Engineer: 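First the structure, then my questions, so here it is.
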Amino acid sequence: MTECYIRVAEDENEEPMEIPSEEDGTVLLSTVAAQFPGACGLRYRSPVSQCMRGVRLVEGVLHAPESDWSNLVYVVNYPKDNKRKMDEMDAASAVKIKRGVQKTSDLIVLGLPWKTSEQDLKDYFNTFGEVIMVQVKRDAKTGNSKGFGFVRFTDYETQVKAMSQRHMIDGRWCDCKLPNSKAGPDEPMRSRKVFVGRCTEDMTADELRQFFMQYGEVTDVFIPKPFRAFAFVTFLLFFSLYGYNLFCVGHSVCPHI
DNA sequence: GTTGAGCGTT
């Protein structure tokens, strides 16, 4: 099997998004989660039985149901806990990962050509999704571009998409990143690193990674040596929390600023 | 009139 794209959607009736497989034909859960934050698996409707079937998931790797993914539309699974009412505020339900309520934030666009205008930026990013705002930062006196700007999208999924790739704008490669200077005005407590308390000595970095990847792409797991009963898990994107949380295996989690 | 890692006049 070779590299291909599989069609993935939030719901059977929603427009699918194409997601790349690996060279061996498998699909990484982290690739799915990059477009559908909080995803923990995939399912599909069997053309034979007409029942929903789960896609085999082994250690973060999704395996094609048959010899290949064929042309089916795969539907994203989310942890069952996400569907619980938030007023329970227990365990995993306290973690804000539900898709669609994620607020967008301004993204800094680095590496713009000097000639690129706000209209150029808007025209370019509108091909990803609805754009709320674009700015090109300029020298106050001369009006010359400083070579960077900002963009804000309506939908968080568009923002994630924009951040996940490089951009060819007017002949130069540009990057969209979360600005480190100013956070959004009404953002909740956010961090890319969470403190994981009450760890047991037998917990491995890989186990932590496997667990937390349902909330987003994990970029680092730190376990102090010698054993100190805590760990840090760092995400690629900001990880929004309502506050101090417990997750389902009973270990405490809180943001690390 | 130049430049090419960075971080936002209102």
Side-chain angles (χ1 to χ4, degrees), chain A residues 17 20 30-31 33-38 95-196 209 212-213 215-222 232-243 253-257:
Chain A
M17 176 182 291
S30 55
T31 305
Q35 305 304 327
F36 300 91
V95 180
K96 181 187 181 182
I97 50 177
K98 195 175 175 197
R99 232 173 127 258
V101 295
Q102 293 271 24
K103 289 187 182 132
T104 62
S105 53
D106 292 358
L107 298 179
I108 187 163
V109 189
L110 271 352
L112 291 174
W114 312 117
K115 56 168 278 199
T116 298
S117 69
E118 307 210 331
Q119 188 63 50
D120 295 333
L121 262 195
K122 184 158 192 174
D123 290 344
Y124 173 78
F125 283 114
N126 258 327
T127 64
F128 288 79
E130 190 183 347
V131 171
I132 299 177
M133 178 280 305
V134 288
Q135 292 177 344
V136 171
K137 290 303 169 190
R138 300 175 182 280
D139 183 283
K141 271 193 215 156
T142 67
N144 293 332
S145 167
K146 291 183 178 173
F148 71 94
F150 292 86
V151 61
R152 188 154 187 167
F153 295 99
T154 305
D155 298 317
Y156 186 73
E157 62 192 71
T158 313
Q159 172 173 326
V160 172
K161 172 102 169 86
M163 291 175 58
S164 68
Q165 64 171 83
R166 306 247 288 156
H167 302 275
M168 177 57 75
I169 302 175
D170 291 340
R172 269 183 63 92
W173 284 111
C174 304
D175 296 292
C176 285
K177 297 177 179 175
L178 290 165
N180 41 30
S181 53
K182 201 174 76 177
D186 50 3
E187 293 296 331
M189 184 158 42
R190 301 163 97 224
S191 175
R192 288 165 57 176
K193 186 186 282 188
V194 294
F195 170 85
V196 184
R209 178 181 292 271
F212 279 99
M213 66 187 295
Y215 302 117
E217 187 167 339
V218 174
T219 57
D220 187 57
V221 176
F222 174 75
F232 289 118
V233 175
T234 307
F235 293 88
L236 175 66
L237 304 176
F238 282 114
F239 185 78
S240 295
L241 300 170
Y242 282 125
V253 180
C254 72
H256 179 259
I257 310 296

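The sequence lines fix the lettering, A, B, ..., with proteins before strands; numbering per chain opens at 1. For clarity, every value in this text was computed on a predicted model and none was experimentally measured.
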Engineer: From CG of A:Asp170 over to P of B:dG4, roughly how many Å is that when rounded to an integer?
Structural biologist: 19 Å
Engineer: According to side-chain contact (heavy atoms from CB on, under 4.5 Å), who are the partners of A:Pro113, at least two apart in sequence or on a separate chain?
Structural biologist: A:Lys115, A:Thr116, A:Asp170, A:Arg172, A:Cys174
Engineer: A:Phe148 has a side chain; which of B:dT10, B:dC7, B:dG6 sits nearest to it?
Structural biologist: B:dG6
Engineer: Can you measure A:Asp175 atom CG to B:dC7 atom C1' for me and round it to whole angstrom units?
Structural biologist: 14 Å
Engineer: Using the salt bridge (charged side-chain N to carboxylate O under 4.0 Å, His left out) rule, take A:Asp175 and A:Arg166 through it: C-alpha gap first, then chi angles, then the decisive distance, then the call.
Structural biologist: CA-CA 5 Å; A:Asp175 296 292; A:Arg166 306 247 288 156; 2.9 Å; yes
Engineer: Among residues at least two apart in sequence or on other chains, which ones pass side-chain contact (heavy atoms from CB on, under 4.5 Å) with A:Glu118?
Structural biologist: A:Val134, A:Gln135, A:Val136
Engineer: Any side-chain donor paired with an acceptor under 3.5 Å for A:Glu130 and A:Thr158?
Structural biologist: no
Engineer: With a 4.0 Å limit, can you tell me whether A:Lys137 has a side-chain N or O closer than that to the phosphate oxygens OP1/OP2 of B:dC7?
Structural biologist: no
Engineer: Taking all non-hydrogen atoms of both residues, which atom of A:Lys161 and which atom of A:Gln35 are closest, and how far apart?
Structural biologist: CD-OE1, 3.9 Å
Engineer: Within this structure, what is the CG-to-P distance between A:Asp106 and B:dT10, rounded to whole angstrom?
Structural biologist: 14 Å
Engineer: Atom CG of A:Leu107 to atom P of B:dC7: distance rounded to whole Å?
Structural biologist: 16 Å
Engineer: Within the 4.0 Å heavy-atom criterion, would you say A:Lys146 contacts the bases, only the backbone, or no part of the nucleic acid?
Structural biologist: base
Engineer: Find the distance between CD1 (A:Ile132) and OG1 (A:Thr104) and round it off to the nearest 0.5 Å.
Structural biologist: 4.5 Å
Engineer: Below 4.0 angstrom, which residues in residues 108-125 of chain A have at least one non-hydrogen atom near DNA chain B?
Structural biologist: A:Ile108, A:Leu110, A:Gly111, A:Leu112, A:Pro113, A:Trp114
Engineer: Of the listed nucleotides (B:dT10, B:dG4, B:dC7), which one gets closest to any side-chain atom of A:Arg172?
Structural biologist: B:dG4
